[in-house]
Amino acid sequence: QVQLVESGGGLVQAGGSLRLSCAASGRTFSSLGMGWFRQAPGKEREEVATISASGRITYYADSVKGRCSISRDTAKSTVYLQMNSLKPEDTAVYYCGARLWAVPPLSPRNINYWGNGTLVTVSS
């Protein structure tokens, strides 16, 4: 089993920045492909950014490319999502997800483990 705990969400004005963190426990972090997904009200959960177990392969959705950066810290068993130039349309619950040895891109349907989510609200 893998436990994922997100943090870092909140309310920010358009153009601002946030850094989300996801701490993993329960299994060797270095074997987990991980990523960030989001779900806005009335919409399906979508992939935002994902990173392979090695950290060498990343994927970004077109909607966030150039504004977001995903990274992982093996020593802390934590994956981060740095989000800059935030827009109101980025408002959603952001979920951390993981799958063993997964290689990006990752469909939400293929994620084995989920965190509880953290709310990001971007005001205009």
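Only a predicted model underlies this, so the values are computations on that prediction, with no experimental measurement involved.
Not counting sequence neighbours, the partners of E46 by the salt bridge (charged side-chain N to carboxylate O under 4.0 Å, His left out) test are R38. Applying the salt bridge (charged side-chain N to carboxylate O under 4.0 Å, His left out) rule to K43 yields no partners; only residues at least two apart in sequence or on another chain are considered. A53 is linked by a side-chain contact (heavy atoms from CB on, under 4.5 Å) to W101, counting only residues two or more places apart in sequence or in another chain. Contacts of Q1 classified as side-chain contact (heavy atoms from CB on, under 4.5 Å), with partners at least two apart in sequence or in another chain: Q3, Y113. Partners of N110 according to the side-chain contact (heavy atoms from CB on, under 4.5 Å) rule, which considers only residues two or more places apart in sequence or in another chain, are R99, S107. Scored by the salt bridge (charged side-chain N to carboxylate O under 4.0 Å, His left out) test, R67 finds D90 as partners (sequence neighbours excluded). Listed by chain and residue number, Y80 satisfy the side-chain contact (heavy atoms from CB on, under 4.5 Å) test with S71 (two or more places apart in sequence, or in another chain). Every residue was checked against the ring pair (Phe, Tyr, Trp, His ring centres under 6.0 Å) condition with Y95, not counting sequence neighbours, and none meets it.
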Indicate every side-chain donor-acceptor pair of residues 117-124 with a distance under 3.5 Å to a residue at least two apart or in another chain.
{"from": "T118", "atom 1": "OG1", "to": "G9", "atom 2": "N", "distance (Å)": "3.2"}

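Linking ILVMFWY side-chain heavy atoms closer than 4.5 Å, directly or via other members, places V12 and V64 in a single hydrophobic cluster. A chain of hydrophobic side-chain contacts below 4.5 Å, direct or via other Ile, Leu, Val, Met, Phe, Trp or Tyr residues, connects L106 to V93. Put simply, M34 and L100 are part of the same group of oily side chains (I, L, V, M, F, W, Y) that touch within less than 4.5 Å, one to the next. No single ILVMFWY cluster, assembled from side-chain heavy atoms under 4.5 Å apart, contains both I111 and I70.
Taking the side chain as every heavy atom from C-beta outward, I57 and I51 never approach each other to under 4.5 Å. Within the 4.5 Å cutoff, the side chain of M83 has no heavy atoms near those of the R19 side chain. The shortest distance between side-chain heavy atoms of C96 and V79 falls below 4.5 Å. When side chains are defined from C-beta on, S21 does not count as touching E6, because their heavy atoms never get closer than 4.5 Å.
Among pairs with a residue in residues 44-77, none fulfils ring-ring contact (aromatic ring centres under 6.0 Å, His included), at least two apart in sequence or across chains. Each ring-ring contact (aromatic ring centres under 6.0 Å, His included) pair with one or both residues in residues 17-38, not counting sequence neighbours, appears once here: F37-W114. Residue pairs meeting the disulfide bond (SG atoms under 2.5 Å apart) criterion with at least one partner in residues 33-78, sequence neighbours excluded, do not occur; the list is empty.
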Could you give me the CA-CA distance, side-chain angles and deciding distance for V2 and N112, then say whether side chain to side chain contact (heavy atoms under 4.5 Å, CB included) is met? CA-CA 9 Å; V2 174; N112 298 130; over 6 Å; no

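Between the side chain of S52 and the backbone N or O of G55 there is at least one donor-acceptor pair closer than 3.5 Å. Judged by distance alone, the side chain of T78 and the main-chain N or O of K76 form a donor-acceptor pair under 3.5 Å.
The shortest heavy-atom contact between T28 and S31 is O-OG, 2.7 Å. Closest of all the heavy-atom pairs between S17 and Q82 is CB-NE2, 3.9 Å. Between A24 and L4, the shortest heavy-atom contact is CB-CD2, 3.6 Å.
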